[in-house]
Amino acid sequence: MTTKDRLKSVSDAIVNMNLEAAQKLCQQALAEGISPLDIINRGLVPGMQIVGQKFQTEEFFLTDLIAAGAVMQDAMKILQPHIKSEDEEMKLGTIVLGTVEGDLHDLGKNIVGMLMRISGFEVIDLGVDVPPSRFVEAIRIHHPSFLGMSALITSTMPSMAKVIEELEKASLKAQLKTIVGGAPLSEQYAKTIRADAFAPDAVLGVEVCKKWASGVDIA
Ligand code: B1M
């Protein structure tokens, strides 16, 4: 089987909400030498995008979104131990991370957190549905170098802007770099709300923070 076909079968297992197949196919893909990050980016995530499209066209219901999300989460458990950890002694700084107020989607945010951790960042994960005041409070307490926010629903995106406004009001914005991500976001939106960066996927998000940690200003 080609890599493309194997990754398509992983994506199909997500769309079919078949946990047994998803886990088995992830194991097979790993055994065939496909990297865990490729399996995520080119297998699991495209599968979830198809699930989203089917929900939009009313072929799938909310229960299907929940089931597919659970399958993805459990498939990740097969991949996680195979993602190479950087030197544990390396400390690249602290990132406060969360999904913004009103938004319960956390699969993408959790991938970002996992990759940040294994790359040498300390991650303070505030979870989902995080109001601006809690982001600000966490920044006052932990003094992170980075703030990461995730949003998956268009109506929750303005909450990111609110967090940044609150940080500016409290004179905390200049002390850290802000990065935003999530399917409906864009580089343009990040600029509009004065976030320092947008990342279309978790791997690129980690790369941006690594550059910042090494003193490179990518803005
Ligand atoms: Co919902 N949902 N959902 N959902 N859901 C979407 C987002 C939607 C696009 C589906 C659709 O209609 N096509 C739609 C939003 C439409 C819109 O805003 N215009 C939608 C809706 C409408 C809803 C509800 C309102 C449905 C309802 O109740 N009627 C409801 C809202 C609940 C709420 O949040 N208040 C809802 C609920 C749910 C579930 C709870 C059932 C479930 C989430 C389970 C969970 O997260 N634990 C769910 C799911 C699974 C989806 C879809 C199908 C998949 C999302 C996902 O996990 N993708 C989604 C469709 C879609 O996205 N196309 C959809 C996989 C994940 C790995 O990708 O999160 O994009 P993603 O993360 C990527 C990148 O974006 C990036 O890295 C990740 C990996 O590389 N990234 C970052 C993300 N955050 C980052 C942060 C960074 C950097 C990169 O730096 C900090």
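This structure is a prediction, so every number in the text was calculated from the model and none was measured. If you read the sequence from its start, that first residue is 1, and numbering goes on from there. All ligand and atom numbering here is 1-based and tracks the order in the structure.
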For atom 67 (C) of ligand 1, the option (of Met72, Gln49, Met48, Gln56) bearing the nearest heavy atom: Met72
Results of side-chain contact (heavy atoms from CB on, under 4.5 Å) for Ala213 - residues two or more places apart only: Leu92, Phe121, Phe146
Non-hydrogen protein atom less than 4.0 angstrom from atom 33 (C) of ligand 1: yes
Nearest protein heavy atom with distance in Å, relative to atom 57 (O) of ligand 1: Leu107 CD1, 3.2 Å
Protein residue, atom and distance nearest to atom 84 (N) of ligand 1, heavy-atom basis: Ser150 OG, 2.8 Å
Glu32/Arg6 salt bridge by N-O under 4.0 Å criterion: yes
Donor-acceptor under 3.5 Å (Asp129 side chain, Gly102 main chain): yes
Where ligand 1 meets Asp103 - atom numbers and elements under 4.0 angstrom, heavy-atom basis: 34 (O)
Contact bool for atom 40 (C) of ligand 1 (protein heavy atom, d < 4.0 Å): no
Common cluster, Val96/Met149, ILVMFWY with side-chain heavy-atom separation under 4.5 Å: yes
Closer than 4.0 Å: a protein non-hydrogen atom to atom 82 (C) of ligand 1: yes
Candidate list Ile179, Ile118, Leu115, Ile95, test side chain to side chain contact (heavy atoms under 4.5 Å, CB included), partner Val206, passing option: Leu115
Closest to atom 45 (C) of ligand 1 among Val112, Leu185, Asp106 (heavy-atom distance): Asp106
SB check Asp5 Lys8 (cutoff 4.0 Å): no
Leu107 side chain reached by Leu44 side chain, heavy atoms, under 4.5 Å: no
Ligand 1 atoms in contact with Ile66 (distance to a heavy atom under 4.0 Å): 41 (C)
Numbered atoms of ligand 1 (with element) below 4.0 Å of Ile179, judged on heavy atoms: 90 (O), 91 (C)
Protein non-hydrogen atom below 4.0 angstrom of atom 61 (C) of ligand 1 present: no
Salt-bridge present (Lys162, Glu165; N to O < 4.0 Å): no
Those residues that, when tested against Val112, pass side-chain contact (heavy atoms from CB on, under 4.5 Å) (two or more places apart): Leu97, Met116, Ala202
Selected option - heavy-atom contact closest to atom 17 (C) of ligand 1, from Thr154, Asn41, Asp64, Ile50: Thr154
Ile111: numbered ligand 1 atoms lying under 4.0 Å from its heavy atoms: 67 (C)
Where ligand 1 meets Ala199 - atom numbers and elements under 4.0 angstrom, heavy-atom basis: 88 (C), 89 (C)
Which segment of Met149 sits under 4.0 Å of ligand 1 when only heavy atoms are counted: backbone
Polar protein atoms (N, O or S) that approach atom 1 (Co) of ligand 1 to under 2.8 Å: His105 NE2
4.0 Å protein heavy-atom contact status of atom 8 (C) of ligand 1, strictly under: no
Close approach of Gly102 to ligand 1, heavy atoms, under 4.0 angstrom: yes
Asn16 side-chain N/O to Asn18 backbone N/O, donor-acceptor pair under 3.5 Å: no
Under the side-chain contact (heavy atoms from CB on, under 4.5 Å) test, residues paired with Ala170 that sit two or more places apart: Arg140, Leu172
Min heavy-atom dist Ala68 to ligand 1 below 4.0 Å: no
Donor-acceptor side-chain pairing of Asp106 and Thr99 below 3.5 angstrom: no
Where ligand 1 meets Gly148 - atom numbers and elements under 4.0 angstrom, heavy-atom basis: 91 (C)
Ionic contact status for Asp103 with Lys109, cut-off 4.0 Å: no
Within-4.5 Å side-chain heavy-atom neighbours: Phe60 and Met17: yes
Side-chain donor/acceptor of Thr178 to backbone N/O of Asp196, under 3.5 Å: yes
Pick from Gly205, Pro200, Gly108, Ala202: the one approaching atom 74 (C) of ligand 1 most closely through a non-hydrogen atom: Pro200
Side chains of Leu176 and Ser145 in contact at under 4.5 Å (non-hydrogen atoms): no
Residue Gly182 vicinity, atoms of ligand 1 by number, heavy atom under 4.0 Å: 75 (O), 81 (N), 82 (C), 83 (C), 84 (N), 85 (C)
Atom 25 (C) of ligand 1 within contact range, any protein heavy atom under 4.0 Å: no
